[in-house]
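Notes to accompany the following structure.
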Amino acid sequence: MKIAIFGLGYVGSTAAGCIASQGHSVIGIDVAEAKVKALNEGRAPVHEPGLDALIARAHAQGRISAVTRLDDELDECDIAIVCVGTPSGVDGSHNMSYIAQATRSIARALSNDRAQARKRPLTLAYRSTMRPGSCENIIWPIIGQALGERAKEIVELVYNPEFLREASAIEDYFNPPKIVIGTLDGTPSARMAALNEGIEAPMFEVGLREAEITKFVDNSWHAVKVAFANEIGRVCQNLGISAKAVHEIFKSDTKLNISAYYTRPGGPFGGSCLPKDVRALQYIAADTGSATHLVDALIRSNEAHKHHQFLEATGGLEPGAKVLLVGLAFKLDTDDLRELLARQLYSPVPWVDTVRAMVERGVSMAIEFGPGKVLAGLGKRIDKAIETLPVYDQAGLNRALEATRNA
Ligand code: NAD
């Protein structure tokens with residue numbers, strides 16, 4: 001295939017070298033003359049181990065070149081990949097001006113007669129990291145304005161995030177942790193599949209926004225991991241504990257610690273251990289001057305989630321509305337309601353806070369709580385605001401469900 005690459009920085013020049021090494025023809029486009037000159041002399045425009053050799057070979061074989069200004073280079077291209085920078089703007093959001101500039105130059109180039117006569121659309125894939133919605137709200141309008149009603153016939157818009165790490169970029173390019181291809185309607189892109197042929201990785205074909213948010217999720221998670229590791233390291237250091245030994249124990253647990261466990265968005269955390277022990281670690285950290293800002297934020301984050309779920313559950317409800325809460329414990333298949341009597345600022349049973357907030361809003365609540373032995377006296381065990389609520393066993397639940405349906 002013939003592939004154009006916009007932006008010859010770390011991402012773009014790695015893609016250029018790797019794609020050319022797979023036998024494709026590559027044309028690079030960058031506004032920086034020095035980078036274009038380097039590529040045209042068979043050198044890597046950035047320092048990246050192994051990249052010089054890949055680019056030198058492709059250059060010697062006549063399969064790689066670059067320009068500073070786009071002319072008719074896109075006419076023969078199957079795919080254009082955009083890897084221009086999205087640095088931080090003054091307010092912290094991404095500066096999208098390079099994306100807009102590159103997109104305008106692509107749209108202009110595709111407005112000519114030859115492009116209009118294309119038999120197959122150009123697959124236009126964005127790899128720069130950018131806010132979800134950018135493809136639909138910034139890029140597609142620029143393309144649409146230039147190409148009019150024929151835009152979808154001329155351009156197949158794709159978002160394809162990049163997961164390489166500098167210094168191991170080539171190895172990462174050919175062995176990515178995953179491949180994510182976002183398209184306007186979430187349907188697979190045959191061209192992107194062809195580009196990734198031979199690369200073994202889990203493949204996700206999704207909508208543009210799911211693909212766009214992937215890097216934000218990944219990079220923030222990596223930042224959370226580093227910050228958490230360092231906070232625990234500080235606490236250990238201040239307590240005279242070997243952080244290295246603690247890390248060995250921590251990472252050996254691939255069942256609950258280094259795993260997909262506890263990563264699915266859902267209910268807030270609760271139960272008799274997590275809130276209690278997080279609070280206690282906060283205390284230890286403060287007591288030892290460890291300044292654990294991330295750990296300190298956990299309980300507040302959990303409270304924010306309870307509030308979010310409360311708003312979700314009660315949105316549009318009139319005072320006096322009837323709500324049936326199915327399940328009261330912090331997760332399925334447990335009857336553990338310990339600490340209910342401890343009138344703490346925050347309840348360890350997440351739903352109790354939700355119920356309390358609903359009752360205070362005048363919502364009429366009923367609660368189903370499965371295991372019979374806990375049913376007795378449950379009303380008295382929960383704090384005053386909700387102690388008068390009806391509590392059902394399975395038979396009662398069925399009746400209540402029926403009544404709620406008929407209400
Ligand atoms: P970079 O700054 O190294 O390279 C960007 C290049 O784009 C520069 O060479 C610049 O001259 C060029 N450019 C700017 N405007 C242009 C235009 N209108 N036309 C053509 N070229 C233009 O950036 P990078 O590190 O390669 O990152 C690129 C994008 O990929 C960013 O959004 C970044 O967040 C994302 N990303 C980076 C990495 C990484 O490890 N560097 C990994 C994954 C994703």
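No experiment lies behind these values; they were computed from the predicted model shown. Note that ligands are numbered from 1 as they come in the structure, with each ligand's atoms numbered from 1 the same way.
Near Gly9, meaning under 4.0 Å from any of its heavy atoms, are these atoms of ligand 1: 1 (P), 3 (O), 4 (O), 6 (C), 9 (O), 26 (O). The ligand atoms of ligand 1 that sit less than 4.0 angstrom from a heavy atom of Gln101 are 18 (N). Listed by number with element, the atoms of ligand 1 under 4.0 angstrom from any heavy atom of Lys215 are 43 (C). Near Thr86, meaning under 4.0 Å from any of its heavy atoms, are these atoms of ligand 1: 31 (C), 32 (O), 34 (O). Shown in contact with Ile29 at under 4.0 Å from a heavy atom are these atoms of ligand 1, numbered in order with element: 20 (C), 21 (N). Residue-ligand proximity, Gly7 to ligand 1, at heavy-atom distances under 4.0 Å covers atoms 6 (C), 7 (O), 12 (C), 20 (C), 21 (N). Those atoms of ligand 1 with a heavy atom of Tyr98 less than 4.0 angstrom away are 14 (C), 15 (N), 18 (N). Distances below 4.0 Å separate heavy atoms of Ala102 from the following atoms of ligand 1: 18 (N).
Distance screen at 4.0 Å: atom 13 (N) of ligand 1 has a protein heavy-atom neighbour inside the cut-off.
Here atom 42 (C) of ligand 1 lies nearest to Leu164 when heavy atoms of Leu164, Asp218, Val31 are compared. Atom 25 (O) of ligand 1 has its nearest heavy-atom neighbour, among Tyr126, Phe163, Tyr10, in Tyr10. Of the listed options Thr129, Asp172, Ile5, Thr129 places a heavy atom closest to atom 34 (O) of ligand 1.
Under 4.0 Å is where a charged nitrogen must lie from a carboxylate oxygen, and between Arg300 and Glu303 no such pair does. Under 4.0 Å is where a charged nitrogen must lie from a carboxylate oxygen, and between Lys2 and Glu76 no such pair does. Arg279 and Asp296 are not joined by a salt bridge, as no carboxylate oxygen comes within less than 4.0 angstrom of a charged side-chain nitrogen. The pair Arg209-Glu136 meets the salt-bridge criterion, since a charged nitrogen lies less than 4.0 angstrom from a carboxylate oxygen. By the 4.0 Å N-to-carboxylate-O rule, Arg120 lies close enough to Asp78 to be salt-bridged with it.
Between Glu166 and ligand 1, an N or O atom pair is found at a separation short of 3.5 Å. Where the criterion is an N or O separation shorter than 3.5 Å, residue side chain and backbone included, Arg165 fails it with respect to ligand 1. Some N or O of Val11 is nearer than 3.5 Å to an N or O of ligand 1, by distance alone. Residue contacts with ligand 1: Glu162 is placed with no nitrogen or oxygen under 3.5 Å of a nitrogen or oxygen of the ligand (distance criterion only).
For atom 29 (C) of ligand 1, the closest heavy atom belonging to the protein is Val84 O, 3.5 Å. Among protein heavy atoms, the minimum distance from atom 2 (O) of ligand 1 is reached at Gly85 CA, 4.6 Å. Annotation: atom 6 (C) of ligand 1 to nearest protein heavy atom, Asp30 OD2, 3.7 Å.
Checked against a 6.0 Å centroid threshold, the rings of Phe216 and His94 count as neighbours.
With a 6.0 Å cutoff to the six-membered ring centre and a 45° limit on the axis angle, Lys178 counts as a cation-pi contact of Phe163.
In this structure, Met130 does not count as a contact residue of ligand 1, since none of its heavy atoms falls inside 4.0 Å of the ligand.
Using a 3.5 Å distance cut-off with no hydrogens or angles, the side chains of Tyr159 and Ser134 do not pair a donor with an acceptor. No hydrogens or angles considered: nothing links the side chains of Thr14 and Glu48 as a donor-acceptor pair under 3.5 Å. For the residue pair Glu156 / Ser189, a side-chain donor-acceptor distance below 3.5 Å is found, with atom types taken as modelled. If you check the side chains of Asn238 and Ser290, you find a donor sitting under 3.5 Å from an acceptor.
In Cys83, the part holding a heavy atom less than 4.0 Å from any atom of ligand 1 is the backbone. Proximity of Lys35 to ligand 1, defined as any heavy-atom pair under 4.0 Å, is confined to the side chain (atoms from C-beta onward).
Applying the 6.0 Å contact sphere to CD of Gln145 captures no more than 12 heavy atoms from other residues, nucleotides or ligands.
Listed for the Thr288 side chain is a donor-acceptor partner under 3.5 Å among the backbone atoms of Ile284.
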